[in-house]
> 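Attaching a single structure in structure tokens format; questions to follow.
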Protein chains: 2
Amino acid sequence: MHTAVKTVNRLQNYSLRNMNQHGLCRIVIIEDDNLIRESFVTLINENEKFICIADYDTCEEAIKNLANDNADVILMDIGLPGISGIEGIKRIKSAKPNIDILTVTVHDEDEKVFNALCAGATGYLTKNVSPERLIEAIDEVRLGGAPMSTSIARMVIGSFQKSTLSPLTSRETEVLQLMTKGKSYTMIADELHINKETVRSHIKNIYQKLNVNTKAAAIEKATKDRII
Amino acid sequence: MHTAVKTVNRLQNYSLRNMNQHGLCRIVIIEDDNLIRESFVTLINENEKFICIADYDTCEEAIKNLANDNADVILMDIGLPGISGIEGIKRIKSAKPNIDILTVTVHDEDEKVFNALCAGATGYLTKNVSPERLIEAIDEVRLGGAPMSTSIARMVIGSFQKSTLSPLTSRETEVLQLMTKGKSYTMIADELHINKETVRSHIKNIYQKLNVNTKAAAIEKATKDRII
DNA sequence: AATAAATCACACAATTTGGGGGAGTTATAA
DNA sequence: TTATAACTCCCCCAAATTGTGTGATTTATT
């Protein structure tokens with residue numbers, strides 16, 4: 001399932017340092033599909049601002065050469081076998097926090113995307129990205145942006161938004177929110193300037209409405225239903 | 001402080017319905033600065049795909065006419081006095097969830113941005129946006145995207161990412177994560193397949209490292225420092 | 001050999017939690 | 001006008017949880 005690990009292409013160091021002085025943006029590509037990888041390399045090197053220092057077909061190889069490659073931007077596929085994509089991002093980021101990682105992938109399922117972002121990806125493009133957009137995205141990421149495909153952007157924004165249909169009243173929602181922060185009934189009461197007994201009342205109602213009977217279950221349900 | 005409420009401009013309905021049938025995208029503008037508002041109106045109406053149905057200088061007025069205006073997209077300033085911007089988004093969204101709200105603002109402070117997104121804004125542009133980019137953004141939002149200025153995008157992405165420098169061990173982090181979900185020591189122990197006493201040990205260490213002595217304080221500190 | 005990490009044990013007091021029963025006020029809808 | 005919903009507060013009880021203290025053992029890693 002996993003092809004043999006190999007360094008696909010690595011330029012010599014002396015020339016690279018030279019190039020970097022000229023303001024070139026150093027790029028590393030991690031992608032297991034030969035065709036795609038090579039087309040990325042060509043695309044990058046066609047642009048005078050960028051240079052592709054190395055390209056790998058596994059994260060493991062890329063990580064081995066991380067220090068030497070001294071990349072500014074890594075373009076990586078996270079659709080590789082196993083969790084090596086997400087895990088790769090974490091390792092690279094913890095070793096070299098200043099590298100911008102652009103994920104390029106066929107997947108746009110919630111989980112993969114958010115895992116990649118949490119792991120430290122700075123941008124997230126789907127594979128149908130146009131060559132122009134890819135170049136633009138690299139520029140953008142270097143300028144402090146966070147390029148995303150439109151569908152990804154909507155998912156990301158959507159993750160901030162709460163459901164409009166909540167069974168809870170506004171006061172109950174307030175109480176639940178404070179519960180989420182680990183506050184005790186007493187603390188909640190103090191913060192809302194109401195009696196502890198009132199808080200207990202609200203919580204009883206919350207539990208009934210959410211059909212749960214523990215704090216943890218209430219928080220879980222509320223999180224899943226996006227009502228907090 | 002608050003200028004007198006007035007409807008600045010509203011087209012007649014019969015003509016609008018007609019136009020909508022022709023596939024026009026109906027836009028409402030909420031902005032208190034006359035100059036900016038008018039330049040937005042002009043810009044929008046110059047484009048054959050869009051029509052500015054109405055423009056208001058307060059949210060209150062816009063909300064009153066919400067049903068009549070039947071907008072597809074609302075372009076709004078959230079830098080208005082008070083919380084009326086954020087609160088306005090909430091009201092509009094809860095009344096008409098299908099309207100896409102694009103916020104255009106001078107502010108790019110964390111809090112304002114995230115509040116707007118949580119309230120239901122679909123896009124977030126800073127006011128120095130170019131006319132072309134603004135038009136592009138409206139297109140984008142209608143196509144299911146979530147246009148953001150580069151700096152905003154980076155903030156949003158950044159909000160997913162954890163700090164790489166955590167004083168906690170991986171096991172301690174796991175425990176803290178489950179605490180955040182409202183789980184009791186017993187539940188945490190079950191979930192991690194360890195003894196309850198071990199969980200208590202971990203929590204003691206967590207408290208010491210974070211320099212706190214309650215659950216709520218630990219969660220707060222961990223959230224602030226982005227270690228969970 | 002030493003240190004950090006993870007595991008487990010016991011004890012104690014104080015607090016929290018979930019469940020049960022109520023009851024009053026206010027505002028809005030039928 | 002009368003419901004009804006929302007918010008407020010009160011009491012009781014038993015079980016569980018929490019914070020703190022003071023330990024110990026094992027397994028890696030240095």
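Note on naming: letters A, B, ... go to the chains in the order of the sequence lines (proteins, then strands), and numbering restarts at 1 for each one.
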> For N205(A), run the side chain to side chain contact (heavy atoms under 4.5 Å, CB included) check against R171(A), E172(A), R200(A) and tell me which one passes.
E172(A)

> Choose from dG18(C), dG19(D), dA6(D) the nucleotide whose nearest atom is closest to any side-chain atom of R200(B).
dG19(D)

> Consider the side chain of Y207(A), meaning its heavy atoms from C-beta on, and name the nucleotide among dC10(D), dG19(C), dA9(C) that approaches it most closely.
dG19(C)

> Would you check if D225(B) and S163(B) make a side-chain contact, meaning some heavy-atom pair closer than 4.5 Å?
no

> Going by heavy atoms in the side chains, are D69(A) and I74(A) under 4.5 Å from each other?
no

> Taking the side chain as every heavy atom from C-beta outward, state whether T122(A) and R154(B) have any atom pair closer than 4.5 Å.
yes

> So if I define the base as every atom that isn't primed, P, OP1 or OP2, how would nucleotides 22-30 of chain D read as a B/S/- string at a heavy-atom cutoff under 4.0 Å?
B--------

> Could you tell me whether the phosphate oxygens of dT18(D), OP1 or OP2, come under 4.0 Å of any side-chain nitrogen or oxygen in K215(B)?
yes

> Quick one: are T198(B) and L192(B) in side-chain contact, heavy atoms under 4.5 Å?
no

> When you compare the side chain of M148(A) with that of M148(B), does any pair of heavy atoms fall below 4.5 Å?
yes

> Taking OP1 and OP2 of dA5(C), is either one under 4.0 Å from a side-chain nitrogen or oxygen of N205(B)?
no

> Does a nitrogen or oxygen in the side chain of T198(B) sit under 4.0 Å from OP1 or OP2 of dA6(C)?
no

> Walk me through whether D77(B) and K127(B) qualify under salt bridge (Lys or Arg N to Asp or Glu O under 4.0 Å).
CA-CA 9 Å; D77(B) 180 10; K127(B) 252 179 184 167; 3.3 Å; yes

> If the threshold is 4.0 Å, N to carboxylate O, is there a salt bridge linking D100(A) and R142(A)?
yes

> When you measure from every atom of DNA chain C, which of residues 221-228 of chain B have a heavy atom less than 4.0 Å away?
none

> If you check every side-chain atom of E197(A), which of dT8(D), dC10(D), dA5(C) has the closest atom?
dC10(D)

> Please tell me which of the listed nucleotides, dT16(C), dG18(C), dT8(D), lies nearest to the side chain of I194(A)?
dT8(D)

> Rounded off to whole Å, could you give me the CD1-to-C1' distance for the I206(B) and dT18(D) pair?
14 Å

> Without decimals, in angstroms, what is the distance between K196(A) NZ and dC10(D) C1'?
13 Å

> Give a yes or no on this: more than 12 heavy atoms of other residues, nucleotides or ligands lie within 6.0 Å of atom NZ of K162(A).
yes

> Counting just side-chain N and O atoms, does H202(A) come under 4.0 Å of either OP1 or OP2 of dT8(D)?
yes

> Are I203(B) and K215(B) close enough, and set up right, to give a side-chain contact (heavy atoms from CB on, under 4.5 Å), and what steps lead you there?
CA-CA 9 Å; I203(B) 291 175; K215(B) 203 198 314 176; over 6 Å; no

> Rounding to an integer number of Å, can you tell me how far N195(B) CG sits from dC8(C) C1'?
6 Å

> Flag the pair Y124(B) / V156(B) as yes when at least one side-chain heavy-atom distance between them is below 4.5 Å, and no otherwise.
no

> If you measure from the Lys or Arg side-chain nitrogens to the Asp or Glu carboxylate oxygens, is any gap between E87(B) and R91(B) under 4.0 Å?
yes

> Please state how far atom CG in N213(A) lies from atom C1' in dT17(C), giving the value in whole angstrom units.
11 Å

> Any residue in residues 163-192 of chain B with a heavy atom nearer than 4.0 angstrom to DNA chain C? Just list them by number, or reply none.
T169(B), S170(B), R171(B)

